[in-house]
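Heads up: the structure comes next, in structure tokens.
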Amino acid sequence: MREIRKVKEQVLNANDRLALENRARLDRAGVLAVNLIASPGAGKTSLILRTIEALRDRARLAVIEGDLASRVDADRVQAAGVPAIQINTGGGCHLDASMIAQALTQLPLEAIDLLLIENVGNLVCPTQFVLGEHRRVLVASVPEGHDKPIKYPTSFMDMDAIVLNKIDLMPYIDFDWASFERAVRAVNRDAPIFQVSCRTGEGIAAWIAWLHPDQ
């Protein structure tokens, strides 16, 4: 067990060093990078598409898409007119800094203001690997239930913001907003929580105002 823990620490240390290099590279180019973490189906891609729709005339965007297989989400982003780099992990449950370093070589960083990174759908592993991002955002959704922060407290702990998606379903689902908010605040007192519906557009303006405030 001790050897396994030691190897894990070495892997994370190597990842952290490379993440710092990624961060320095993004800083030199003036790119703000945001890492989106969520369970499968919470709506990361829908949030990205809504963000593109809102910011396409105000910022130069690019997206890195992480997935086990396929490039379905990357194709949707490119169809929206934004460059997208697909990373298929081949079964891996998260992106890591080396994957992002490789993807950055394929992007014209000097021509990008905002880089959205859609991590692999998973609420555990992606939170353990920094990528060089400036902000970490957890996307939850109403159908997942209000007890998600209780079941996965460490996933909500170090986030810069929480997005609760699919609020248009609240009238039809037994979701207790007060319980959700109370559970988030038990582990993360400061992160703003945005209630949005990527289907109707409700709440998207507040998310955009936080992500890219007007200068």
How close do A103 and I85 get, heavy atom to heavy atom, and via which atoms? CB-CG2, 3.9 Å
In terms of heavy-atom contacts, S197 and D168 come closest through OG-OD1, 2.7 Å
Donor-acceptor pair, N15 side chain versus F129 backbone, under 3.5 Å? no
Any P143 side-chain heavy atom under 4.5 Å of I173 side chain: yes
With no hydrogens and no angle check, is any side-chain donor or acceptor of E133 less than 3.5 Å from a backbone partner on L131? yes
Indicate whether any N or O donor in one side chain lies under 3.5 Å from an N or O acceptor in the other, for H134 and D27. yes
In short, G201 meets R50 closest at the heavy-atom pair N-NH2, 3.4 Å
Would you sort out whether L49 and C198 count as a side-chain contact (heavy atoms from CB on, under 4.5 Å), showing the intermediate values? CA-CA 9 Å; L49 292 173; C198 289; over 6 Å; no
Do E181 and V184 touch side chain to side chain, with heavy atoms closer than 4.5 Å? no
Show the nearest heavy-atom pair for residues L61 and V82, with the distance to one decimal. O-CG1, 3.4 Å
Which atom pair, heavy atoms only, marks the closest approach of A62 to L107? CB-CD2, 4.1 Å
Measure the CG-OG distance between L123 and S39 for me, rounded to the nearest 0.5 Å. 3.5 Å
My understanding is that only one of L95, V137, V34 makes a side chain to side chain contact (heavy atoms under 4.5 Å, CB included) with I117; could you say which? L95
Does the side chain of E118 come within less than 4.5 Å of D73's, by heavy atoms? yes
Main-chain N/O of A84 paired to Q78 side chain as donor or acceptor, under 3.5 Å: yes
Where the side chain of N88 meets the backbone of G90, is there a donor-acceptor pair that is under 3.5 Å apart? no
Flag the pair R136 and D160 as a salt bridge only when some basic side-chain nitrogen lies within less than 4.0 angstrom of an acidic carboxylate oxygen. no
In this structure, CZ of R25 is separated from CG of L18 (nearest 0.5 Å) by 10.0 Å
Flag, side chain of E65 to backbone of A74, donor-acceptor distance under 3.5 Å: no
Step by step, would you call T89 with H94 a side-chain contact (heavy atoms from CB on, under 4.5 Å)? CA-CA 8 Å; T89 61; H94 62 273; over 6 Å; no
With side chain to side chain donor-acceptor pair (under 3.5 Å) as the criterion, how do N165 and S141 come out once you've worked through the C-alpha distance, each side chain's angles and the decisive distance to 0.1 Å? CA-CA 4 Å; N165 189 23; S141 67; over 6 Å; no
Nearest 0.5 Å, please: how far is CD1 in I150 from CZ in F180? 10.5 Å
Take M99 and D96 through the test side-chain contact (heavy atoms from CB on, under 4.5 Å) and record every step on the way to the result. CA-CA 6 Å; M99 297 173 184; D96 63 30; 3.2 Å; yes
Nearest 0.5 Å, what's the CZ-CD1 distance between R199 and I167? 11.0 Å
Is there a continuous path of hydrophobic side-chain contacts, each under 4.5 Å between heavy atoms, that joins I37 to V142? yes
Using the rule given for side-chain contact (heavy atoms from CB on, under 4.5 Å), can you reason through V31 versus L114, listing the C-alpha separation, both sets of side-chain angles and the distance that settles it, and then say yes or no? CA-CA 6 Å; V31 179; L114 175 61; over 6 Å; no
Is there side-chain contact between V63 and L115, with at least one heavy-atom pair below 4.5 Å? no
Under 4.5 Å between side-chain heavy atoms, hopping through other hydrophobics if needed: is there a path connecting L68 to I64? yes
Going by heavy atoms in the side chains, are F156 and K148 under 4.5 Å from each other? yes
What is the distance from atom NE2 of H146 to atom CG of L164, rounded to the nearest 0.5 Å? 12.0 Å
Validation row: I193, R185 side chains within 4.5 angstrom (heavy atoms): yes
So if you build clusters from Ile, Leu, Val, Met, Phe, Trp, Tyr with side-chain heavy-atom gaps below 4.5 Å, do I162 and M170 land together? yes
Are V120 and I100 joined in one hydrophobic group, where the rule is that I, L, V, M, F, W and Y side chains link up if heavy atoms are under 4.5 Å apart? yes
With distance as the sole test, does R56 use its side chain to make a donor-acceptor pair with the main-chain N or O of A80 at under 3.5 Å? yes
What's the spacing between T154 OG1 and M159 CE if we round to 0.5 Å? 9.0 Å
Check for a donor-acceptor pair, side chain of N22 on one end and backbone N or O of G132 on the other, with a separation under 3.5 Å. no
Does NZ or CZ of R135 come closer than 6.0 Å to the centre of the six-membered ring of W210, within 45° of the ring's axis? yes
Would you say the side chain of M157 lies within less than 4.5 Å of the side chain of N188, judging by non-hydrogen atoms? no
Audit row: N119, N35, side chain to side chain donor-acceptor pair (under 3.5 Å) steps and yes/no: CA-CA 7 Å; N119 217 311; N35 182 8; 3.3 Å; yes
Pairwise side-chain contact, V196 with E202, heavy-atom cut-off 4.5 Å (strictly under): no
Could you state whether L36 and L138 fall into the same hydrophobic cluster, counting links through intermediate Ile, Leu, Val, Met, Phe, Trp or Tyr residues with side-chain heavy atoms under 4.5 angstrom apart? no
Do you know which two heavy atoms are closest between A42 and K166, and how far apart they sit? O-CE, 3.7 Å
